[in-house]
Each structure stands twice: as structure tokens, then as C-alpha cells.
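The block underneath contains the structure these notes are about, expressed in C-alpha cells.
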Amino acid sequence: MAAALVGGAFLSATLQVLFDRMASQEVVKFIRGRKVPATLLTKLKTWCLTLSKVLNDAEEKEITDTIVKEWLDELKDAVYHAEDLLDEIATEALRCQVEADFGTSTSKVRNFISTSFDRFGRKLESKIQKVLEKLEYLASQTNAIGLRESVEGRSSQRVPTTSLVDPETIIYGRDDDEKAIVNLLLSNDVASNNHSTGVIPIVGMGGVGKTTLARQIYNNQKIIEHFSLKAWVCVSEEFDVRKITKKILEAVSPQKHDHTDFNKIQTELKNYLMGKKCLLILDDVWNENYDDWALLSIPFKYGTSGSRIIVTTRNKSVALIMRPIQIFNLNKLSEEDCWLLFANHAFENGKSNAYPELERIGEEIIKKCDGLPLAAKALGCLLHSKLDVEEWNKILKSEIWSLPKDGGNILPALRLSYNYLPSHLKLCFAYCSNFPKDYLFKKEELVQLWMAEGFLQQHNKNEEMEVIGAEYFLDLVSRSLLQQSNGSKVCFLMHDLVHDLATSISGKFCFRLEEDNTNKIIDKTRHFSYLRSKYDTPEKFDALCKAKNLRTFISLGMKEDDKNWKFYLTKRVPQDLLLKLRFLRVLSLSHYCNLELPESIGDFKHLRYLDVSFTGIERLPKSTCMLLNLQTLNLSGCISLVTLPENMGNLISLRHLHISGTSIKNMPIHMGQLQCLQTLTKFVVGKDTGFRIEELGKLSNLRGVIVISNLQNVINSTNALEAKLKDKEQLKELTLEWDAANGFISQLERYVLNSLNALEAKLNDEELLKELRLGWGAANDIISRSERDVLNNLQPHTSLTKLVIRNYNDTSFPNWVGDGSFSNVTVVHLNSCRNCSSLPSLGQLPSLQDLFVFGFDEVVTVDADFYGSGSYTTTPFQSLKILRFEAMSKWEKWSPYHGEGEDEGGAFSSLQELYLEECPKLSGSLPKHLPSLTKLEIKECEQLETSLPTAPSIRELELRKCNDALLKELPPALHDLAVIGFKNLESLPEGVLDHNHRVQALYIYDFPVLKSLPRGGLSSPTTLKWLGIRNCKEVEFPMYPCYSSLERLTIEDSCNPLKSFPLDIFPKLRFLEIERCSNMEALSVSEGHHLTDLLQLKIKNCPNFVAFPGGGLSAPNLSELQVSNCSRLNSLPENMHTFLPSLRRLDIINCPQIESFPKGGLPSNLVCLGIRDCKKLIYNRMEWALQRLQSLKILAFMNHDRDCWDVESFPEEYLLPTTVKHLCIGGFGNLRTLDNNGFQHLTSLQDLSIIYCPKLKHMPEEGLPVSVSHIQIGECPLLTKRLQRKKGKEWRNIARTPFIKILEPNTLNEANQLSIDGESSGTFVSRFL
């Protein structure tokens, strides 16, 4: 009843949760038990129902009426308070359940929880009364602000679309789309699901140009000539079959139709369409009701075969109910086409050449449009004929909702998609604004967050919340509000403008911390997120004191940053700030290497989602087991975590436990008590009761991925059967793992047998030897038989998709491994099964795509058994795409598959990648016919002399330490070729670069006697782009035409004859690195030649290198330059300040003859400068004029020669620019003090690293700038001694710095961390050079 009254407004779903909570038996019983008047809950429900009746009206008016917006925000705030209160009541009820279930065994937990909840119970009545007063007040305001009860949908304010094309309109970027759909319309070969009329939906997000494309197609001359009837109907929000049918009839018939009888209308339409080939455009369809569509489409079944209906819709679900002949997904415009569209509306006649500054800003504006033509057109119109740079910058920096007229109707067009969302999806959609633009979502991650926030509505207890959440997620994808990432099948993202929409809707309640917006946090804020920075100091979170009712605290990182950086969080966040946020439901502090959770984490009674993955956490506090509502606990990648708290069984709500990548050695006792558990990524088998493998049998809901390790602890194979893996249908990825020491048994066995063989030659006592052999054999047979039985009883359900087996010690596998009934298995990895003498029969797995076989020491032959047991029922390995054999020390022969027909019976017909590595005895032939193979790697297979497989599609080939015979005939279509370790070859096959090949990347390493590289055919096109030469000392550097298209060139310890490198014969070169070329003296370039493509240049360890090109190196786009260990080089390139305007990084390392920077100084855009062991240059440092470099952020002065910087105080005043953020000082042998005057003006400094300064005693007298957040001090024994007392002047000078790391002398790898707030800052590494 309540749901019907609530309607579809944003708050409706939250109110529905409230109603369900209030009606739950647990809450009702608790209220009665506390003697709280039952009328309070009745009143709460009544006021919520009353207010729910005006929600639709309020949500519609809030867009334009600020008073209604404020009223609605107050209501949301009150509802959130009510929800928190009911959640506390439900948690207390859950606490009682835990006490009842676990009795006296959890007395400590019970005592702790009881104390806290007794206090809560005494205040319960007053808390409910306070919420009621707020709701009553808000209800009294509804008439005054003009809200009315409404359960009807909104009336459309949109102007209907028409088929008319503006003759002056230019359509950009849709020619291919138009051509594809026109061809589909004209084709007679397209099946139409047995109907005469085929449906072609055009699906895409709002504003992507669906209507524009449909209009172009409708007016295409070929279409006009092909169809005898055409009709255009704008459907929009209301899908009234009678009205639409009448519109279609009026469009195709010249007569007037005044009657309203649906039967008559539909019959007339049928008669009019009969025998005619018709094209109907239904624009902007939202209806998902199949019956409505089926009824509408009946008349079209009487038309001539070849009739077509084009439907434009934002929702893929709409398209699917129409049983289309093909769904056409309309993609975004390219950036180039988007610019042309924007420029056409922003500039007169679309000509922007006369306004280069506006052009530059416009290109940035176009990035905001992210391929959406509606946005490009609207923003272009906003800026039409406006030539003021400030006006353009204002548009660039504005959010879409703050632009004039909603950004030219961009937001209203997108908001329509939001309006059509059911209320539960509105919550989920708005929640996505917590994440930054371009953030990649994973479905499971987002669903678990929604679940923690209470957004998932269970209509009955048998529905799993994860399944409901997955449906919500896919619904948002279907509606084009989430889009699949181009780079990943499992990642999704939001279009930038859709993200703007979500942000505008979430308003004050979601806050994403960005550069200067901390003042926007208010007491109503419930969701908080931020992007991690390397050092997150207390000041970053100061504004959170206003938001005491936070439910969400999420630290985020873009994926590329997480891989490359270490992050540090001030201890004040977990130990102080978070303790004030007692309503948290979601807490994510992942990727902080210094994180420690507070002992009071158990006080977070609302917490449902805790993510501390990839942190340096070493233990979980015991109180973690008091988080009775906890659903998700993510500990993935916590490599220092060894144990879990022993009372984990108390977490009766836990559904997802992620512990892969941890060092956990033992599971907590009685994991089987966690009956809700669905995700358990790792289970370590123990020997004792409560820790054994049969605990898994009690977890009937397990799904997803699991690694079961330490299987050597399963002594009795019947225990393995009790794990009931065969019953776990939702378990998709399974790893079975014995301890690595298990492989040692097989090695020991071989050692013993070899020893017995040796004894046999020395002893005459045959009876003794016989007894020894029998005894050892019997013992080993028992171990093997036990493992075989264990593995046999661990047979999973046939729904499995991935199987990994490691360190299995038997000689053969049970029959289920490779059985064809496992039809869903796509990945099999068999690792270090060193005692197995044969491979399992895997060829009959019909879906197998990825097979990795590693460390099968006893396999000699891969034969017919590998392809399938007994007679083959299907062609083996028909789906296999990746096959890898590695570390097969005894493997000698790979027998081909002898099936019916030619080409080896079609085995491996789909194979795309083949890897053979460390198979030293493999000889004979490889599978010959591999038609799909694109990548082949053969490494350290010295006995393999066969020709390479017949595979015309091979694009990548790597041959490392192989027989020379493999180079005789190379595949014709190669793009990438790497040949490594052919020690006797003096030349490569001449045909590698001839006209028959299209090699783009060539890597030649470790050819000690190689004399020359291939010249290539004189008529061959120049396709080679990457060339790497390493350890080829005798090779002559190539100066041939086939190398003139090189973009990347690396020469390392090679080309001894090379003395001068001619840059201008490589006009497209972008990256050049020359290292250890002992005779190279200079770089040369023709006078006046500009190296416009060169981006990076490194000259390293070239002792005879003396000169850059005379007059300077003109490389306007060069961004990085490094010269290191060039002992004769006496100057940098001339005119750097003008010839290298894009240079951002400069490293000068051990170039002792360089005395000064070139005349004019360094380029003004330089960001990073590193100088090491350049004594003459350092001597003239006061002439560097670094103050003029206002972009300089990173400075590193490092020295191996400690006499290089002969200074006692550093830095001198005004030596360094004020812009420096990161400063590294190292190897100053005589440095005694850090100069106060030199540091005080460094107001941007954040990181300071001081290492290898043995005489340094003093920090700056007045302390470091307040901007400094991190200090590392290492190998500075005198200073360290002063600081370790944690008192005195030197300590006071740095005490306010949040992150301090002091390394003991000679122990740079082991940190003794000190800090004012006790931070443990982990391993800090600064590498500027």
C-alpha cells in the first residue's frame, strides 16, 4: 500500500525502506520490550505517508523553485535521521539475536554491546519524538509553498520532433551510420522474425543524435524511392496505443479521421498498409510493455515484405521487446567531428582560424562534451559570435547545471532519462556522483556499495540482494546512464554530462572533495568521497567537522595512480575524525600503506562496508567482530596481514570477505557459522576441528572466486567430500593449492631413488636395497593416492568457468579434470605438478580458451590423451585461444592430433597465442596448421629445429635462445619481431624488411657477432617504427631507407663503429635512447633542420660523447632530456630556452666537464630538474637563475661524490624558485645546516628528502615552511641522533610535519618512523634521477 502512495520520486525508495523497517517483527518486538509507546511508530508512519503524497510535485518543482528545493532537502534530512534511528533499533534487535545464538561463548562481546545499547535504549523515545516534530513541521509547510498531492506522471514540456530537415544544417560524423542503416533498410536478405515488417531500433543516450540520424535516413533519396509509404510519429513519454495508431493513420492517409473507436482506427490503418512497402519512424520511445508494442504492431504485419520500422530510444530494454532484426547502438562523435559541429555554431561560417586563443579554449570545451552532439551544438550556440576570451573561459570552467538556460537545454534533455527512472534507481544513479569523472566502476563493487547504503529493495526474503543489485546496474546500463568502458569488458563509466546530471541531483547530500570546494560541506551531507593524494594531511579533512551524520567515507584513486604510487594518511583520520562519524555505513580507506584501524572500530554499529584493501594493515582490531551489520569486508592485497580475529563467526551479516593477496596462514575458527557468506576469496585449510575443509560445506551460498590452499592438511579424502564443492553451482573460479613444499616431496623422492641407484653399484646386499625401494615406494604411493582421492572429492559443479591446480603431487589426475561436462570452463592453469608424467585430457572442454601448463617435470610426451579420452567426440581445443607451456624440463615430443580430414583435423583452429618457454629437450615438430595464430613466443627451446607453424596471421614473434633454424622462414605478416640470444649469427635473414613484410617493431638483443642489420627491399614501404638494439657490439648502425620511419630507437651496448649519430635522417623519430655506445662522439643535424617529432632524448654512459649539434638542438616538442655519465661532454645544447620550449624534465648526471647552463638559461616550462655529480656546474650554481623558472616543481641534487657540493649551509637564499614542491638533497659531504633564509621562501614545498649527509646537524632555525607535509631523513647520523630524542630545538623545527620518516644509519631499507601524531609512513622512495 505504501509503495503505491509513494510514487516515483527520489525519496520514495528510502521511505519504502522505512515502512518495511517499521513493520518488521524485530523492530516491533524491540519497541515493546523497551516500553516505548507503540503510537510513536504509528505517528512516524502516518507523517511519512502524508508527506509522500506531495513528493512527485515537490521533485518537479524543485528544479525551478528554490524554496521547494530547500523544503525537500529538509525532508530528506529528516527521513535520513529517521532511517538512522530505525537502523539503530534493528541493530539492537540483531545484537539480541547474536546473544541468543552464541550464548556464553561471546560473553565479552555481549557485555561490550549491551553497555552501549542500554544507553541508546534510554534515549529512544526522545529521539523518535524529535524526528516526529520535524516531519510534522514540514507537513505544515506544504500548502504555504504550493505543494499538492499528485500520483500522476509529469506532463511533457517537450516540443514534438518532426521529419523536416533544415537545409542549412550540416550533419557531422554520421555518414557511416546513415549508410549502414540505409543498407539495412534496403536489404531483402534480412530476417524479420517471420513478420513482414522488421524493426531497427537506434539506441543511445540522450543528446547523442538519434533523432537527427533518423531524420537524415527518412529524407535519404534512396529511402524515398524504395518505400511507397513513409510516416514519422513522435511518441515521447506517453505510449498510448490508440493515440499513436491514429497519428500513424493520419500520417499515411490524406483523409481526415475524427472517430475515436480504436477498432475502427486500427482496421483502417491495416487496410491502408495492405500491399504497401512502408517505413515508419517512431521517435523517442520509452515504453517497456511488450503487450502495448504487440498491439501497436499488428497492422504492419499486413504490409508488404520489406516494410521497416525505425525506433529511437535511450533504453535497450525498449528495443529488446520489439524483437528487432538488429539493434543499432549509436556511439558518441569523434572529438574532431564534435569540434566541427561546435565551431559551426560558435563562429561565423564555422571559421575559427582568426581566433587562435578561442580555438584553444574551444578545444577544451569540446572535451566537456565528450562526443555528445547536443552539448557541442548547445555550447556553440551559447558562444555564438562572442569573442571575449573571459566569456569562453567562464563556460569552460562552469559545471553544466550552472550554464545559462541549463547549458542550452543540455540538462533538461538528460534529465528526462532521470525522470523515467523508478525511485530505487534514482537513488542508485545519484549515488554515482560520489565518484569522479572517468572513474571505472565494476558491477560487483557498486552493487555492494548500494547494498550497504540500503538502496536495494527485497520484495521477499528469497530474493538475493546481489541479484537485485545486478538487475539495477544492468538497468542503468540499458538506459545509457552507465556505459561499458572501451578498454575493459568488466568496467563501466559515466558520460561526463550524465555525471554532471547525477551531481546536480545529489546536491548537498553527496560531496566529492576537489581542489577548492571544502566550504560546500554542510551538516546535511551524507556521502563523502575524495581522490587520494600521496600525503593526505589533517587539513584536507578539516571541513568534515560540519558533517557529523555522514554515511559514506570513500577514498578513491584512478587506477593508474594506484599501481604506481604509495599513499599515506594522517593518523588523525582513523584515530580521531572517523570516531565522530558514528552513522557511517560505508568506510573505504584502501591503498594507504600506513593505515591502522582504531581499536574502537567496533563502535561503528551502522557499518556495512569496510574496505582497507591494499593497505599496510598488519592486524584487524578484535572489536571488528562486533560489527553486526557488516556485509562486505575487503582485505585484498593486505600483504602484511597474517591473521584474522578469532571471533569472525559473530559477523552474521557478512556476505563478502575478500582476502586474496594477504598472508593469512590460518582461518578463524568455525567459518561455517557465516551462513550469509557469498564471497570468500581464500580458504586456508587447517588440521584441527573448526579449521578443516568441511567448514566450506556449511557455506552453501558461496559463489564467484575461491582459492583453497594448504590442501596437504586434508588427510582423509572423505573430509574433502564434505566441502560439497559439487553442490556450489554459483562458484565460478576455483583454485586448488597444495603447499609449495609439497613439490619438494617429489624432488626428495627422485633424490632418494637416484641415491638408491648409486648405492646399488656399491652394495652387494640386494635384499637390503629391495626393502629400501619397497618401503620408499609404498610411502610415496600412500601420499599420491591420498592426494588423488582428495582432488577427486573436490570435484566442483559443472558451471565452473576457471580451474587452477597448483603443487599437486600425484602422477595423474582424476577423470573429472578435463571432462567434457564442464562445458563452461574457459581457463585452466596447471602449475608445478612436478610428479605428473602425463597431462590430463583437456581437449574435449568445448569452451576452453586459455590453457597454461607449468612445471610438469616428468612429462616426456604430449600425445593423443591430451586431445581427449578414448575416441574423440568433438574436434579438440576448438575454442582455445591462448596456450602456454613453460618449464617442462623432460618434454621431448608433441604429437599432432590425427583427426579426420587434413590440417591435423582442425585442432587448435581458434588458437591466437602460443608460448613455449624453457622446454630444453623439445624437438620434432609443432602443430602445423594454426590459421588463427597471431602471437608466437619460443624461449630457451634449444633442440627445436622445426620450421615455424603455418600461420598466415602471425603478427608478433619472439625467439629467445633458440636454434638458428627457426629463423629460416619467417611469417609474412609480422608486425613485431624480437630475436634474442643467437650468439653465432652474423646476419639476420635479409627478407625481414623486404616488401613482403610489414614489420613495425624489431628488437635485436644479445647477438655478440652480428655485423649488420637487414637492408630491406629497395622498393619496400617504410613500415618499421620501433627498433631496439642491445648487446650487439659489432653491428654497424643502419642508415638505410627502410629505417627512415622510425619513431622509437634504443641502442644499448651496441654499434661500436658508430661515432656520429645523424638525427635528421630519422624525421619521424619520437623517442631516442643511446646507452653504452663507447665510441659515439656526437649528435649531428643539418643546419636549419627542426626535429618536430622528437619527444624524449637520453644519452647515457657514452664516455666519448662530446657534443650536441652546433648552434643548438631545435626540437620544439622535446619534453624530456637526460645526459648521464658522459665524462667528456662540456656543454648542454645551445639556445635551450628558445629551441626546447616544451622541455619539462632535465636530468644531468655525472657530467663533470659541464660548467654552466647555456646562454639564456633553461626553458621556462621546465617542471623537473635533477643534477648529480656535476662539480663544475654546481660550483657556478648562483648563475643558474632558477628563479625565473615558474613551472619548476621537482628538484633533486644527488651526489655519489660527497665532495661535489663543498658547502656547509644549503640552499643559499633565492637559489631555488618558490614554486618547488619536491626537493631531494643527497650526498652533501660537508653540509652542516639547512639554511633558514633559503627555505623560508619555499612556500610551495611539500616533500623534503635528505640522505647521505653525514655532517648535517641542524634543520632551519625557524622551522620548515608550513606547506611541508613529508620529510625523509636517511644516513644523516648526527641529525638523526638529535631528532630521535623527540625533544629539543631540532625536533621542534619539524614536529608539526604530518609525515616524518627517519632511517637509521646504513639501514635505508628498514625504517625507524617518527612523527608528531605517531604516523608509520611506510617505505618512502624518491627517485627523481
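Side-chain atoms of L282 and W293, non-hydrogen and from C-beta on, do get closer than 4.5 Å to each other. The shortest distance between side-chain heavy atoms of V467 and Y472 does not fall below 4.5 Å. No side-chain heavy atom of K443 sits under 4.5 Å from any side-chain heavy atom of V490. Between F441 and C432 the shortest side-chain heavy-atom distance falls below 4.5 Å. Contact of the L185 side chain with the I310 side chain is registered, since non-hydrogen atoms from C-beta on lie closer than 4.5 Å. At least one side-chain heavy atom of R242 sits under 4.5 Å from a side-chain heavy atom of T260. With a 4.5 Å cut-off on side-chain heavy atoms, Q221 and I224 count as touching. Under the 4.5 Å side-chain criterion, counting only non-hydrogen atoms from C-beta, L374 is not in contact with L497.
The CG atom of L72 lies 5.0 Å from the CD atom of E62; values are rounded to the nearest 0.5 Å. Summarising the geometry, atom CH2 belonging to W232 is positioned 5.0 Å from atom OG1 belonging to T161; distances are rounded to the nearest 0.5 Å. Once rounded to the nearest 0.5 Å, the distance linking CD1 of I325 with CD1 of I200 reads 4.0 Å. Considering NZ of K210 and CZ of R174, their distance stands at 10.0 Å, rounded to 0.5 Å. The line from CD1 of I171 to CG of L213 is 9.0 Å long, rounded to the nearest 0.5 Å. In this structure, the separation between CG on L848 and OG on S879 is 8.0 Å, given to the nearest 0.5 Å.
Under 4.0 Å is where a charged nitrogen must lie from a carboxylate oxygen, and between K437 and D500 at least one such pair does. Between D176 and K179 there is no salt bridge, since no side-chain N of the basic residue sits under 4.0 Å from a carboxylate O of the acidic one. With respect to E178 and R215, no salt bridge is recorded, no charged nitrogen being found less than 4.0 Å from a carboxylate O. Ion pairing between K222 and E225 fails under the 4.0 Å rule for side-chain N and carboxylate O. Under a 4.0 Å N-O distance rule, the pair E466/R703 does not qualify as a salt bridge. Residues D850 and K881 are not paired through a salt bridge, judged by the lack of any N-O separation under 4.0 Å between the basic side chain and the carboxylate.
Looking only at atom types and distance, the side chain of D284 has no donor-acceptor partner in the side chain of T312 under 3.5 Å away. In the model, T826 has no side-chain atom that pairs as donor or acceptor with a side-chain atom of T801 under 3.5 Å. In the model, S423 has no side-chain atom that pairs as donor or acceptor with a side-chain atom of S12 under 3.5 Å. For the residue pair N824 / S847, no side-chain donor-acceptor distance below 3.5 Å is found, with atom types taken as modelled.
Pairing each heavy atom of L383 with each of I365, the nearest pair is CD1-CD1, 3.8 Å. Across all their heavy atoms, L273 and P299 have their closest contact at CD1-O, 3.8 Å. Annotation for A502 and M494: closest pair CB-CE, 4.2 Å, computed over non-hydrogen atoms. What you find for S163 and N219 is that their closest heavy atoms are O-ND2, 2.8 Å. Here the closest heavy-atom approach between residue I366 and residue C338 is recorded as CD1-O, 3.5 Å. Taking each heavy atom of R479 and P422 in turn, the nearest pair found is NH2-CD, 3.9 Å.
More than 12 heavy atoms of other residues, nucleotides or ligands lie within 6.0 Å of NZ in K277, so this atom counts as buried by the packing criterion. Within a 6.0 Å radius of CD in E336, other residues, nucleotides and ligands contribute 12 heavy atoms or fewer. Within 6.0 Å of NZ on K377 lie no more than 12 heavy atoms contributed by other residues, nucleotides or ligands. Annotation for K276: atom NZ counts as buried by contact number, over 12 foreign heavy atoms lying within 6.0 Å.
At distances below 3.5 Å, at least one donor-acceptor pair connects side-chain atoms of S910 with backbone N or O atoms of Q878. No side-chain donor-acceptor contact under 3.5 Å links S187 to the backbone of N183. N460 contributes a side-chain N or O that, together with a main-chain N or O of E463, makes up a donor-acceptor pair within less than 3.5 Å. Judged by distance alone, with hydrogens and angles left aside, the side-chain atoms of E59 form no donor-acceptor pair with the main-chain N or O of L55 at under 3.5 Å. A side-chain donor-acceptor contact under 3.5 Å links K230 to the backbone of Y218. S506 places a side-chain N or O within donor-acceptor distance of the main-chain N or O of T503, the cut-off being under 3.5 Å. In this structure a side-chain-to-backbone donor-acceptor pair under 3.5 Å is missing from Q730 to S799. One N or O on the side chain of N271 and one on the backbone of T267 form a donor-acceptor pair closer than 3.5 Å.
Using the six-membered ring where Trp is involved, Y431 and F455 have ring planes that are perpendicular, over 60° apart on the 30 and 60° scheme. Ring geometry, F347 versus F342: the interplanar angle exceeds 60°, so the pair is classed perpendicular (tilted spans 30 to 60°).
Aromatic ring centres of Y420 and Y418: separated by at least 6.0 Å. Between W286 and F239, the gap from one ring centroid to the other reaches at least 6.0 Å. Taking the six-membered ring where the residue is Trp, the centroids of F473 and F492 are separated by under 6.0 Å.
A cation-pi arrangement is absent between K270 and Y272, since the terminal nitrogen or guanidinium carbon is not both under 6.0 Å from the aromatic centre and inside a 45° cone about the axis. Under the 6.0 Å distance and 45° angle rule, K426 does not count as a cation-pi partner of F10.
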Query raised in the report: Can you list the steps and then say if V311 with D283 is a side chain to side chain contact (heavy atoms under 4.5 Å, CB included)?
Result: CA-CA 6 Å; V311 175; D283 187 39; over 6 Å; no
Requested in this report: Tell me, with the steps shown, if L280 and F227 meet side chain to side chain contact (heavy atoms under 4.5 Å, CB included).
Outcome: CA-CA 10 Å; L280 171 64; F227 293 98; over 6 Å; no
Requested in this report: Please report the C-alpha distance between L296 and I248 in whole Å, then the side-chain angles of each, then the deciding distance to 0.1 Å, and finally whether the side chain to side chain contact (heavy atoms under 4.5 Å, CB included) criterion is met.
Outcome: CA-CA 10 Å; L296 178 69; I248 298 170; 4.2 Å; yes
Query raised in the report: For Q483 and H495, what are the C-alpha separation, side-chain angles and deciding distance, and is it a side chain to side chain contact (heavy atoms under 4.5 Å, CB included)?
Result: CA-CA 7 Å; Q483 301 172 341; H495 187 283; 4.3 Å; yes
Requested in this report: Tell me, with the steps shown, if S478 and D475 meet side-chain hydrogen bond (donor to acceptor under 3.5 Å, both in side chains).
Outcome: CA-CA 5 Å; S478 175; D475 203 347; 5.0 Å; no
Requested in this report: Might you work through the ring pair (Phe, Tyr, Trp, His ring centres under 6.0 Å) test for H527 and F509, ending with a clear yes or no?
Outcome: CA-CA 6 Å; H527 308 292; F509 293 89; 8.4 Å; no
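Partner S417 forms a side chain to side chain contact (heavy atoms under 4.5 Å, CB included) with one of L501, N315, L481 and no other, that one being L481. Evaluated for a side chain to side chain contact (heavy atoms under 4.5 Å, CB included) with V199, the options R323, M322, R308, Q326 yield exactly one hit, M322.
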